[in-house]
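We count ligands from 1, going down the list as the structure has it; atoms in each ligand are counted the same way.
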Amino acid sequence: MRSSVFQGRHLLSTRDYSKAELTWLIGFAEHLKDMKKHNIPHHYLEGKNIALLFEKSSTRTRSAFTTACIDLGAHPEYLGKNDIQLGRKETVLDTAKVLGSMFDGIEFRGFKQEHVEQLAEYSGVPVWNGLTDREHPTQMLADFMTIKEYFGKLEGINLAYCGQGRNNVQNSLMITSAILGVNYVNATPKELEPDPEILAVARKFAAESGATIRVTNDPVDAVENADAVYANVWAAMGEESKFAERVRLMKPYQVNAELVSHIKNPDWIFLHCLPAFHNAETEYAAKIKEEHGIDAMEVTDDVFYSDHGHQFEEAENRMHTIKAIMAATLGDLYIPYV
Ligand code: CP
């Protein structure tokens with residue numbers, strides 16, 4: 001008999017977890033956060049070896065997995081795209097079999113959802129999706145934990161995502177909101193509306209949870225009843241050639257002082273998975289400013305650094321929630337039901 005409903009499972013998408021399971025994981029992350037703040041040891045993964053595969057760069061996901069492993073008593077091993085043969089000289093299947101024979105768990109950040117799925121199928125150990133082209137499930141645990149910390153609940157909260165409808169964060173936010181009973185609206189231009197497959201999955205979950213799932217081309221309509229407003233980059237890594245078009249399409253969806261003046265709830269919060277282009281002070285943003293004449297993209301400094309901004313708590317929560325999913329799926333904990 002399994003000692004835990006989570007033991008041995010992967011996290012490839014939040015769609016594989018029930019509302020009760022996601023809620024339990026968020027609650028467990030809150031408990032782990034409390035333990036960390038009180039310096040109470042929680043070595044649930046003592047002696048385990050964890051592979052951290054990164055085909056793309058990362059600040060939060062890499063740091064969160066690394067520190068979470070260390071706090072849990074596990075050994076993290078970073079394997080960057082130039083460190084191993086994956087994709088260049090070795091297939092995902094062969095890599096999965098080799099890594100699975102040496103490591104107890106694998107995190108993967110890469111370009112293709114099918115690759116994280118293959119790692120899960122062939123490695124024989126829990127695999128956690130640290131972002132692919134389709135989804136960003138570990139980000140979701142942190143995002144909804146941050147919302148719950150602030151509002152004390154998730155069900156019935158109104159979340160407005162001002163950003164292009166066709167990216168991994170949007171996909172995961174839409175699906176996870178639907179599972180958890182969070183009312184979700186994506187404000188996006190017509191040209192960038194969400195993939196119908198993602199909408200169909202979300203609407204199926206929403207029928208069970210009672211959440212409303214909407215897409216609108218009107219950013220004011222999206223934010224006026226929002227409790228939480230979420231922004232994301234206008235173009236992902238690898239989409240730089242689309243910048244001129246994205247700036248033109250996305251400018252009306254920028255989260256700025258004018259847009260947020262329409263929000264009715266005075267206690268609304270701003271979220272962002274980060275990194276954010278909220279000024280022109282980075283090398284990358286300065287180049288965008290030079291080429292396209294804009295000082296900020298998806299959010300402006302006055303919103304980002306206002307009291308409404310909770311993106312840095314959200315970033316910290318990546319560590320607590322990643323700890324929760326790793327410990328629950330690999331830690332031999334006694335969790336007979338949720
Ligand atoms: N939010 C997020 O995934 O951040 P990184 O790209 O820095 O990991």
Side-chain angles (χ1 to χ4, degrees), residues 11-14 25-26 29 33 50-70 76-83 105-113 115-116 127-147 149 159 161-164 166-177 228-240 255 269-279 281-285 288 297-299 304 309-326:
L11 176 62
L12 308 181
S13 164
T14 50
L25 287 167
I26 290 168
K33 185 173 183 175
I50 309 296
L52 306 180
L53 267 62
F54 281 84
E55 289 184 331
K56 291 177 167 185
S57 61
S58 164
T59 297
R60 278 142 291 273
T61 310
R62 178 177 175 178
S63 304
F65 268 100
T66 303
T67 51
C69 281
I70 294 166
E77 187 65 29
Y78 177 79
L79 303 169
K81 75 174 165 57
N82 296 320
D83 299 327
I106 300 170
E107 178 277 350
F108 175 79
R109 165 171 289 203
F111 292 94
K112 292 189 175 158
Q113 178 74 17
H115 287 172
V116 77
V127 172
W128 309 291
N129 178 355
L131 179 145
T132 63
D133 57 339
R134 199 187 76 191
E135 293 190 45
H136 199 357
T138 61
Q139 179 72 50
M140 294 305 108
L141 294 174
D143 294 349
F144 288 92
M145 174 179 174
T146 310
I147 294 172
E149 275 182 330
L159 171 61
Y161 175 82
C162 295
Q164 60 137 321
R166 289 178 173 260
N167 72 19
N168 42 23
V169 172
Q170 193 295 132
N171 294 343
S172 291
L173 279 174
M174 183 178 260
I175 290 170
T176 314
S177 294
V229 175
Y230 198 122
N232 193 9
V233 291
W234 289 348
M237 280 179 266
E239 290 188 321
E240 287 78 5
V255 181
I269 62 170
F270 174 77
L271 296 173
H272 194 303
C273 56
L274 302 179
F277 298 107
H278 52 90
N279 58 33
E281 289 174 19
T282 63
E283 206 176 292
Y284 191 82
I288 303 290
M297 285 187 271
E298 68 271 14
V299 57
F304 191 79
H310 286 263
Q311 64 279 355
F312 295 119
E313 292 99 304
E314 182 185 6
E316 180 194 325
N317 286 340
R318 297 294 308 283
M319 177 182 68
H320 306 299
T321 46
I322 282 170
K323 230 183 243 183
I325 188 67
M326 286 200 296

Which of the atoms in ligand 1, numbered in the order shown and given with their element, are less than 4.0 Å from a heavy-atom of [X]?
| X | result |
| --- | --- |
| R318 | 1 (N), 2 (C), 3 (O) |
| R109 | 2 (C), 3 (O), 5 (P), 6 (O), 8 (O) |
| C273 | 1 (N), 2 (C) |
| T59 | 5 (P), 7 (O), 8 (O) |

Among S58, P275, A276, A64, which residue places a heavy atom closest to atom 8 (O) of ligand 1?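 It is S58 whose heavy atom sits nearest to atom 8 (O) of ligand 1.
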Report yes or no: does Q113 contribute a side-chain atom to a donor-acceptor pair with the main-chain N or O of L12 at less than 3.5 Å? yes
Is there a donor-acceptor pair closer than 3.5 Å between any side-chain N or O of R109 and the backbone N or O of L131?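 Side chain of R109 to backbone of L131: no pair is present.
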Looking at ligand 1, does any of its N/O atoms fall within less than 3.5 Å of an N/O of Q139? yes
E77: what forms a side-chain hydrogen bond (donor to acceptor under 3.5 Å, both in side chains) with it, not counting sequence neighbours?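 Scan of E77 (side-chain hydrogen bond (donor to acceptor under 3.5 Å, both in side chains), adjacent residues dropped) gives H75.
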Pairing residues for R134 by the salt bridge (charged side-chain N to carboxylate O under 4.0 Å, His left out) criterion, not counting sequence neighbours: E117
Short version for K56: what comes under 4.0 Å of ligand 1, heavy atoms counted, is neither
Any heavy atom of L274 sitting closer than 4.0 Å to ligand 1?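 Yes, L274 has heavy atoms under 4.0 Å from ligand 1.
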Check whether any side-chain heavy atom of K33 lies under 4.5 Å from a side-chain heavy atom of N317, and answer yes or no. yes
Can the ring centres of F312 and F304 be said to be less than 6.0 Å apart?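 Yes, they do, as the ring centres are separated by less than 6.0 Å.
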